[in-house]
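Residue numbers start at 1 and run along the sequence shown. Computed from heavy atoms alone, side chains included, the values below leave out hydrogens, waters and symmetry copies. Both ligands and their constituent atoms are indexed starting at 1 by order of listing.
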Amino acid sequence: MGKVNRDEILSILDEYNKDEITIATLGSHTSLHILKGAKEEGFRTAVVCEKGREVPYKRFNVADDYIMVDKFKDIVNEEVQEELKSMNSIVVPHGSFVAYAGLDRVENDFNVPMFGNRDILRWEAERDLERKLLVESGIRIPQKYNDPSDIDRTVMVKFPGARGGRGYFVASSTDEYHEKINSMLKRNWIEEEDVELAHIEEYVSGCNYCIHYFYSALKDEVEVMGMDSRFESNIDGLCRIPAKDQLDIGMDPSYVITGNHPVVMRESLLPQVFDIGDNLVECAKKLVSPGMNGPFCLQTLVNDDLEVIVFEMSARIDGGTNTFMHASAYSYLLFGEFMSMGRRISREIKTGVSEDNLDVIIT
Ligand code: AMP
């Protein structure tokens, strides 16, 4: 099984009736504003929806067509792909689409034209690739520890797949690291073989800003579209009780995202924000051609030296864009009208149609 061939996608796109393009996505994650934005830009919209999950799309009236499937992962089934292509669909990938369809199948079996760069999705999914991209972009990231015996300050320990849930922990010494690993092994939260995979990085004491960028390949320009910060359970609850009670409870912190809120940064930090985005886009062009192409998000912590430190990247639309389904402070500055990330994607596709260069932004 080889990768989906770019020429094959472009020849499918060639057959499309460009006056009848449908913007389609999987009904989850950021699909409400992806579809709403597509309608605002004058496109027909379709949602691939798991049975029983159609209520929000119907009640918010964002989809013209429904493709009902038993399971989200069925979006990669042959019949569903054929139906999407018969509707001249361009699919907008988001976090749930990648998670449910599976990266391998998106790369190898899914030949419906997609917005963005399909090859870059793997670069956010694999920690080493993500790190390579950030390091080669010259972006400040948390220091990584290759050996627990090197721990010389407070660190955060992450296991693959845990993504903020049970399984992240903070330790301030090598002894504490081993104590916590042993306790996790005893509780069967991790297996022996997971210990090898533990990722140890500097704990950054700072405030959380997730920066939502859009790189327009058509204009060769990086736009700052909005920022959010996260509500995380149970760490947020834990921080709201006095230190004495935190010790008494003996609760292990977890970092499960339960919601997002819009934020703005102090204005003097914005030059750093643009530098980081510009550098990443330039580096991505070289490492994973044709580069970022569309929305991406950098999750950052800003410390008291006013350094913006990036601890995570999404190489596609990020869930935090749901905080500006209408506009953010920044998207309003840029566009002077309601502009969500979903609408921005459709505006790019609309420009691609009118300038006859969709091939630059479709993958
Ligand atoms: P992640 O799963 O990498 O998105 O991280 C989940 C949460 O853990 C983040 O939203 C932060 O609150 C916290 N976090 C992750 N990495 C670090 C770090 N290096 N220093 C401090 N907090 C972190």
| request: May I have all residue pairs that pass salt bridge (charged side-chain N to carboxylate O under 4.0 Å, His left out) and include part of residues 277-288, sequence neighbours excluded? | output: D220-K285, E282-K285
| said: Nearest 0.5 angstrom please: K71 NZ to N77 CG, how far? | reply: 13.0 Å
| field | Subset of ligand 1 atoms that lie under 4.0 Å from at least one heavy atom of Q299 | value | 4 (O)
| message | Between ligand 1 and L301, can you find any atom pair, the residue atom being a heavy atom, that is separated by under 4.0 Å? | response | yes
| Ligand-side contact atoms (ligand 1) for residue partner E201, heavy atom cut-off under 4.0 Å | 16 (N), 17 (C), 18 (C), 19 (N)
| message | For the aromatic rings, using the six-membered ring if either is Trp, is the centroid distance between Y177 and Y145 under 6.0 Å? | response | no
| query | Does even one non-hydrogen atom of R230 get within less than 4.0 Å of ligand 1? | reply | no
| request: Check each atom of ligand 1 against the heavy atoms of V204 and keep those under 4.0 Å away; list them by number with element. | output: 18 (C), 20 (N), 21 (C)
| field | Check: Y203 N/O within less than 3.5 Å of ligand 1 N/O | value | no
| note | Closest to atom 7 (C) of ligand 1 by heavy-atom distance, out of H199, E232, M313, is E232
| said: Suppose I only count heavy atoms of Y168 and a 4.0 Å limit; which atoms of ligand 1 are within that range? | reply: 1 (P), 2 (O), 3 (O), 5 (O), 6 (C)
| query | Below 6.0 angstrom between ring centroids: does that apply to F159 and H199? | reply | no
| Salt-bridge criterion met for E41 and K36 (N-O under 4.0 Å) | no
| field | Heavy-atom closest pair, residues V106 and F97 | value | CG2-CE2, 3.9 Å
| task | Heavy-atom distances under 4.0 Å are what count here, so tell me which part of F311 touches ligand 1: side chain, backbone, both or neither. | result | side chain
| field | Value rounded to 0.5 Å, distance of CD in E15 from OG in S86 | value | 13.5 Å
| Relative to ligand 1, is E202 under 4.0 angstrom through side chain, backbone, both or neither, heavy atoms considered? | backbone
| Any idea which atoms of ligand 1 are less than 4.0 Å away from a heavy-atom of E312? | 1 (P), 2 (O), 3 (O), 4 (O)
| task | State whether the shortest distance between N or O atoms of N208 and N or O atoms of ligand 1 falls below 3.5 angstrom. | result | no
| remark: Residues passing the side chain to side chain contact (heavy atoms under 4.5 Å, CB included) test with E196, sequence neighbours excluded, are none
